[in-house]
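Structure record follows, encoded as structure tokens.
Every chain is numbered from 1 and lettered A, B, ... according to where its sequence line falls, protein lines coming before strand lines. Please read all numbers here as calculations on a predicted model, not as lab measurements.
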Amino acid sequence: MSSSEDEMPLARGRRKPNGRAVLPGKADPVEDESMDIDATDGKVSKVINGTSSKRKAAMKPAIKDEDDDEESDSAPLSKRRRTTVNGTKKQLVDSDDEDDIPLSSSRRRSTKSMKEDSESDFEDDDDVPLQKLAKDKKNTEKPTPKAAKATPKGKQAAKATPKTQSATKRKPKDETPSDASDSDIPIAKQRKTASAKKSKAVKNEEDSEEPTPAKAKKGKGKAEAPAPKKAAKGKAKKEEEAEEGASPDGEEQTDEYKWWLAEQNDGNQKWETLQHSGVMFPPPYELLPKHIKMKYDGTPITLAPEAEEVAGFMAALLEAPQASDKKFLENFFADWKTVLKETGGAKDKDGKTVKIQSYDKCDFRPMFEHFTALKEAKKAMSAAEKKEAKAEREKIEEPYQYCQWDGRKEKVGNFRVEPPGLFRGRGEHPKRGMYKKRVYPEQITLNIGKEATVPPPPKGHKWGNIVHNQTASWLAMWTENINGNVKYVMLAVTSSLKGQSDFKKYEKARELKKHIEKIRREYTQELSDKQTMVRQRATAIYLIDKFALRAGNEKGEDEADTVGCCSLRYEHVTLEEPNLVHFKFLGKDSIQFDQVYTVDKQVFKNLRIFKKAPKGPGDDLFDRIQTKHINEWFKDHMPGLSAKVFRTYNASWTMQQELSKMKNVGTVMEKHAAYNEANKKVAILCNHQRTKSKMHDSQMEKKMYEIKALMYQKWRLKQMILNLEPKLKKKKPEYFKPDEEIDDEDWIKEHQQWLIEEEKKKIEKKFAKDNEKLVANGEKEMKASELNSRLSVLSDMKKDFAKENKSKKVEAAGKSPSVEKFEEQIAKIDDKIQVKTGMMKDKENTSEVSLGTSKINYIDPRLSVVFCKKFGVPLERIFPKTLRDKFKWAIESVDENWEF
DNA sequence: CACGGCCATTCCGTATCATTGAC
DNA sequence: CGTCAATGATACGGAATGGCCGT
């Protein structure tokens with residue numbers, strides 16, 4: 001049985017715990033490839049043959065041959081491979097093959113030897129002139145391991161970029177604004193000057209377009225209202241901040257730390273002093289009321305608190321998709337049974353133990369219904385009650401919200417300990433459904449200043465550990481039980497610390513600008529390197545650069561099967577002559593990556609080689625490289641360079657290109673739409689998707705129907721005009737044609753039916769309501785005959801429609817009908833149609849693209865700020881409040897000439 | 001180990017619809 | 001009786017948050 005499993009071509013399940021895909025009964029394709037390559041040249045092939053024989057000899061121990069291997073580059077790879085291969089025996093046999101095709105694995109041996117294949121591939125490959133080989137050889141030897149590695153050491157020093165310093169000179173470190181409102185004066189000023197410079201026309205538009213009026217009408221004076229007016233702005237801002245400074249003395253917000261005006265602290269130390277309140281725990285579990293009991297095999301059962309709690313987690317999901325996910329249920333059930341065992345199991349009403357053996361016999365419904373009722377009760381709370389509850393919550397949270405970081409008040413991010421629950425995972429995570437346990441203070445380590453007072457642990461508990469790690473930015477941590485991952489409590493994204501690293505991230509990306517040409521030149525050249533490893537590396541880097549792929553570390557058996565660049569497998573890439581590549585795989589978070597790209601010829605050729613038989617589904621495309629190899633290469637070309645930097649760089653670069661194409665014309669709304677369009681390009685580049693909501697299609701259909709209904713109404717009105725002025729038809733025949741969407745008799749008839757139905761419902765509803773009222777007033781209900789008479793309009797409608805359908809004419813309706821009146825109504829309908837189609841398009845357009853992620857993480861915020869300044873678009877249109885906070889550094893530090 | 005990225009979910013304000021009352 | 005404004009209820013969609021994922 002196990003042998004048959006070995007033969008399964010599927011990747012999944014054949015991965016070793018370390019994640020390497022294992023080729024069952026197959027030796028390393030890699031080496032063959034390199035042999036082949038080298039074989040193109042007589043001289044080299046000699047070397048290779050040496051290697052190969054060595055390899056054969058040292059097949060399983062593998063590692064050793066590296067040292068004496070002359071072709072150092074390929075050796076490490078084979079080493080890696082060897083260590084993970086399970087079918088050692090087979091390989092050994094295979095490797096006896098004279099052809100040096102260890103692959104052999106009878107399962108998919110190609111008739112043509114791999115050697116031949118590759119040879120031909122590289123032969124028609126004139127990118128690698130023979131004479132060059134000697135030189136290349138040298139090159140490849142040079143950058144061997146250790147020597148290169150030393151370089152990135154300068155990284156730390158280089159990190160404090162000159163840019164940072166230049167920003168520094170503006171103001172000395174300890175400069176503190178005199179009061180809170182002070183901080184927004186500069187903005188106001190900038191804004192003023194900017195908008196003054198910008199066209200007045202724009203401002204007028206703003207006034208007319210902004211949703212402000214509506215809000216104002218509502219009497220909400222909130223600063224949030226996009227009121228572009230300078231004066232209004234300043235005032236509003238102040239209010240806002242006053243509100244935020246919860247404490248009565250508006251003092252505390254005053255010395256907001258403008259790190260971008262300050263000296264950068266270099267080195268590893270993150271703080272000097274640190275005081276905080278620790279973490280907030282979820283409320284303890286409260287037992288369900290006695291009468292709420294789940295059933296097993298029809299018997300109501302009593303559970304220990306923890307077992308009941310876990311059961312409740314499942315009960316809550318009864319109508320969620322998880323409830324029909326076998327794996328989820330299986331994992332849940334296993335963990336739940338463990339809890340049951342530990343807590344004395346389930347008892348019936350007489351205290352007799354009930355054995356829980358089958359999920360199918362569990363009935364969580366009573367619990368589910370109880371939860372649903374609770375939810376509704378909560379929803380039904382009066383506004384005042386809700387407000388009170390909220391205030392109470394906030395009061396409890398208050399101490400955790402902020403910490404003192406080097407004496408400054410900084411916002412804390414996730415101070416709440418994650419509550420227990422069932423692990424959800426993304427995609428087909430093998431651990432989904434497992435019980436995520438409650439975290440107790442004893443498991444928590446606090447990181448806090450030596451001088452600080454340690455926050456008291458919850459009563460009856462103590463903290464697991466207290467440390468004073470000044471090189472760490474976390475305030476607290478614990479280890480979660482599902483994957484054994486460490487969870488950290490850190491500062492909020494709006495904190496100065498995070499702001500600084502955000503800033504550094506973008507500066508790093510901008511630094512790449514200076515190197516990108518050289519980098520591209522070099523990897524392009526390496527695309528035709530004679531060594532497979534180098535080629536694979538170059539190809540991978542090409543993909544990372546062009547298509548913004550992630551690096552793609554190996555993953556373990558107990559993680560979802562998702563891939564990035566280096567972990568792409570055979571089946572993820574399909575080639576289509578002459579140079580189209582179809583990528584289809586699950587990326588981070590199990591998000592589908594499904595794109596067809598045109599690639600460089602050489603890249604296409606390389607991919608074809610990397611897919612050569614005997615590789616098949618389940619095999620690594622880049623079998624000779626790992627992320628560490630590309631990372632080493634990156635670091636050699638620029639300190640701190642990584643695949644992520646490419647993503648940031650390309651995203652921001654794309655945005656800059658798109659924005660610079662734009663002209664300062666049109667309304668604010670149009671400009672905003674254009675911005676979103678650019679944003680969308682970036683999102684697509686980064687493959688930021690969102691799942692179309694389940695409702696999406698039906699909502700679309702509904703909208704479409706509404707639009708058609710409007711068109712029909714319009715058409716009828718036009719017919720009525722004709723009814724009044726038949727002559728008009730000759731004058732403007734186009735005008736009186738029905739929209740083609742509704743040019744369909746069957747549809748019209750259906751629609752008429754629908755209209756009648758709707759009308760009927762409406763009348764019945766009204767009747768019922770009227771009756772209710774009468775009863776409430778102690779009067780008698782109306783009789784059914786009244787309803788019938790009211791419903792008689794329906795038959796009139798029917799008749800009218802029938803008549804219309806026959807005569808193709810519509811009688812003018814309404815009192816004192818006139819052409820003008822009809823035209824007015826038509827205009828209104830046209831407006832509605834316009835609006836609706838616009839909304840539809842927009843919705844469809846962004847239904848599967850998520851703009852947020854790239855806006856938050858990849859597009860240099862300074863680009864957006866510049867955009868707003870240049871085009872007079874209120875920043876609030878682009879950045880909602882939290883983003884304005886997060887990007888304060890960007891908002892306050894650029895003028896409109898700034899470039900990425 | 002530590003940190004940033006990233007989608008789904010939840011939260012919350014606004015738009016829209018329905019209802020009522022005044023004119 | 002129709003219209004319009006005011007008000008209330010609800011649906012909707014963007015913003016904030018949460019917690020899982022990858023490097």
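- A salt bridge between D325(A) and R432(A) is present, with a side-chain N of the basic residue lying under 4.0 Å from a carboxylate O of the acidic one.
- Counting to the nearest Å, the C1' atom of dA2(B) and the CE atom of M490(A) are 6 Å from each other.
- Within the 4.0 Å cut-off from OP1 or OP2 of dA15(C), not a single side-chain nitrogen or oxygen of K855(A) is found.
- Phosphate proximity of dT9(B) to R690(A): absent, as no side-chain N or O sits under 4.0 Å from OP1 or OP2.
- OP1 or OP2 of dA2(B) has at least one side-chain nitrogen or oxygen of Y488(A) nearer than 4.0 Å.
- Summary of the strand contacts: H688(A) and S473(A) both lie near DNA chain B, and taking for each the nucleotide with the nearest heavy atom, the more 5' one is attributed to S473(A).
- In this entry the distance linking NZ of K886(A) with C1' of dA15(C) reads 14 Å, nearest Å.
- At whole-Å resolution of the value, CD in E394(A) and P in dC11(B) are 13 Å apart.
- Listed for the K888(A) side chain is no donor-acceptor partner under 3.5 Å among the backbone atoms of T494(A).
- A close approach under 4.0 Å does occur between a side-chain nitrogen or oxygen of K498(A) and OP1 or OP2 of dG4(B).
- Separating the NZ atom of K504(A) from the P atom of dC3(B) is a distance of 12 Å, rounded to the nearest angstrom.
- As judged by a 4.0 angstrom heavy-atom cut-off over every strand, R432(A) is placed among residues making no nucleic acid contact.
- Evaluation of the side chain to side chain donor-acceptor pair (under 3.5 Å) rule for N553(A) yields T627(A) as partners, not counting sequence neighbours.
- The ring-ring contact (aromatic ring centres under 6.0 Å, His included) search around Y675(A) returns F867(A), not counting sequence neighbours.
- Q689(A) places its CD atom 19 Å from the P atom of dG5(B), with the value rounded to the nearest Å.
- Remark: A709(A) pairs with H751(A) by the side chain to side chain contact (heavy atoms under 4.5 Å, CB included) rule, at least two apart or across chains.
- Listed by chain and residue number, nothing satisfies the side chain to side chain donor-acceptor pair (under 3.5 Å) test with Y649(A) (two or more places apart in sequence, or in another chain).
- If you measure from atom CZ of R877(A) to atom P of dG14(C), you get 12 Å, rounded to the nearest angstrom.
- In this structure, NZ of K508(A) is placed 16 Å from C1' of dG4(B), rounded to the nearest angstrom.
- Residue-level contact check: N469(A) touches the backbone only, with heavy atoms under 4.0 Å from sugar-phosphate atoms and none from bases.
- I591(A) comes within 4.0 angstrom of the backbone, heavy atoms only, and of no base.
- Taking side-chain N and O atoms only, S850(A) has no distance below 4.0 Å to OP1 or OP2 of dC6(B).
- Residues P419(A) and F313(A) form no side-chain contact, since every pair of their non-hydrogen atoms from C-beta on lies 4.5 Å or further apart.
- Between Y858(A) and the phosphate of dC6(B), there is a side-chain N or O to OP1/OP2 separation shorter than 4.0 Å.
- Counting only residues at least two apart or on different chains, the salt bridge (charged side-chain N to carboxylate O under 4.0 Å, His left out) pairs with a member in residues 476-488 of chain A are E418(A)-K487(A).
- The distance from atom CD of E876(A) to atom P of dG14(C) is 18 Å, rounded to the nearest whole Å.
- Residue T853(A) places at least one side-chain N or O closer than 4.0 Å to OP1 or OP2 of dC7(B).
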Report summary line: Contact string for nucleotides 16-23 of chain C, one letter per nucleotide 5' to 3', B = base within protein heavy-atom range under 4.0 Å, S = sugar-phosphate only, - = neither, reads S-BBBBSS
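- If you check every strand for non-hydrogen atoms under 4.0 Å, K390(A) touches sugar and phosphate atoms only.
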